[in-house]
Amino acid sequence: MKINYMGKEENLRLIGIDTPESKPNQKARKDAERTGEDLKTITAQGGKAAAFVKTLVKRGQTVRIEFDVQTRDKYGRLLGYVYLPDGRMLNEEIVKAGYANLMTYPPNVKHQERFLKAYREARENRRGLWGE
């Protein structure tokens, strides 16, 4: 996700979650291999996840970013929790709707339990990717 941070366009990685890739790339191939799904299915799921996110966040919208222990990853991307103007956390909303798996890397674990609860709820209620 691209954001304007401190007057500069930056890449931001949402902490704690992993959505499917929407384009056939190396990660999509690894995900297909890991899950047993074909590449077309993985990228279709990624497209659905991306479309869902676009219903929550509009280009130019002001959001609040919360950092955890680490501010950046090894690729230089910002790492954060994104809060929508209405106060909801984007990371959690994506999980709650069933469009992301959990992906926690210590030491950035501030909201790990919150995400786990949302993940279980989405799977139990067959939301998003779990309803297919």
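This structure is a prediction, so every number in the text was calculated from the model and none was measured.
- Residue pairs satisfying the salt bridge (Lys or Arg N to Asp or Glu O under 4.0 Å) criterion with at least one member in residues 102-118, sequence neighbours excluded, are listed as follows: Glu66-Lys110, Glu92-Arg114.
- The cluster map of Ile, Leu, Val, Met, Phe, Trp and Tyr, joined by side-chain heavy atoms under 4.5 Å apart, puts Tyr99 and Ile15 in the same cluster.
- You'll find the ring centres of Tyr119 and Trp130 inside the 6.0 Å limit.
- Without hydrogens or angle criteria, Asn91 side chain to Gly16 main chain gives no donor-acceptor distance under 3.5 Å.
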Steps toward side chain to side chain contact (heavy atoms under 4.5 Å, CB included) verdict (Gln45, Lys40): CA-CA 9 Å; Gln45 291 172 339; Lys40 187 175 180 179; over 6 Å; no
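- Nearest heavy-atom pair across Ala100 and Val95 is CB-CG2, 4.1 Å.
- The line from CZ of Arg64 to CG of Leu84 is 10.5 Å long, rounded to the nearest 0.5 Å.
- Residues Asn108 and Gln70 bring a donor and an acceptor atom of their side chains to less than 3.5 Å of each other.
- The side-chain hydrogen bond (donor to acceptor under 3.5 Å, both in side chains) test with Asn25 singles out one residue from Lys27, Lys23, Glu21, and that residue is Glu21.
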What donor-acceptor contacts under 3.5 angstrom involve side-chain atoms of residues 49-58, with partners at least two apart or in another chain?
| unit_1 | atom_1 | unit_2 | atom_2 | d |
| --- | --- | --- | --- | --- |
| Thr55 | OG1 | Phe52 | O | 2.5 |
| Lys58 | NZ | Lys54 | O | 2.8 |
| Lys58 | NZ | Thr55 | O | 3.4 |

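- Residue Leu129 holds its CG atom at 13.0 Å from CZ of Arg127, rounded to the nearest 0.5 Å.
- No donor-acceptor distance shorter than 3.5 angstrom exists from the side chain of Thr41 to the backbone of Glu37, with no hydrogens or angles considered.
- If you take CG on Asp73 and CG on Leu78, they are separated by 9.0 Å, rounding to the nearest 0.5 Å.
- Glu93 meets the salt bridge (Lys or Arg N to Asp or Glu O under 4.0 Å) test with Arg88, Lys96; sequence neighbours excluded.
- Remark: His111 NE2 to Leu116 CG distance equals 14.5 Å, nearest 0.5 Å.
- Residue Phe115 is tested with Thr104, Leu102, Val109 for a side-chain contact (heavy atoms from CB on, under 4.5 Å); the sole match is Leu102.
- Closest approach of Leu39 and Pro24 over heavy atoms only: CD2-CB, 3.7 Å.
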Verdict with reasoning, Val82 to Leu12, per side chain to side chain contact (heavy atoms under 4.5 Å, CB included)
CA-CA 9 Å; Val82 173; Leu12 174 83; 3.3 Å; yes
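- Dense packing is recorded around CZ of Phe67, with more than 12 heavy atoms of other residues, nucleotides or ligands lying under 6.0 Å away.
- In this structure, Arg120 places its CZ atom where only 12 or fewer heavy-atom neighbours from other residues, nucleotides or ligands lie under 6.0 Å away.
- Few gaps surround CD on Gln61; more than 12 heavy atoms of other groups in view lie less than 6.0 Å from it.
- Looking only at side-chain heavy atoms (C-beta outward), Leu90 and Leu14 come within less than 4.5 Å of each other.
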- Worked verdict on Tyr81 versus Asp68 for side chain to side chain contact (heavy atoms under 4.5 Å, CB included): CA-CA 8 Å; Tyr81 306 101; Asp68 207 325; 2.5 Å; yes
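- Applying the ring pair (Phe, Tyr, Trp, His ring centres under 6.0 Å) test to pairs two or more places apart or on separate chains, none has a residue in residues 6-34.
- For the atom pair CE (Met89) and CD1 (Ile94), the distance works out to 11.0 Å, reported to the nearest 0.5 Å.
- With sequence neighbours excluded, the residues that form a side-chain hydrogen bond (donor to acceptor under 3.5 Å, both in side chains) with Lys2 are Asn11.
- Note: Tyr5 OH to Ile65 CD1 = 8.5 Å, rounded to the nearest 0.5 Å.
- Applying the ring pair (Phe, Tyr, Trp, His ring centres under 6.0 Å) test to every pair with at least one member in residues 18-39, sequence neighbours left out, gives no pairs at all.
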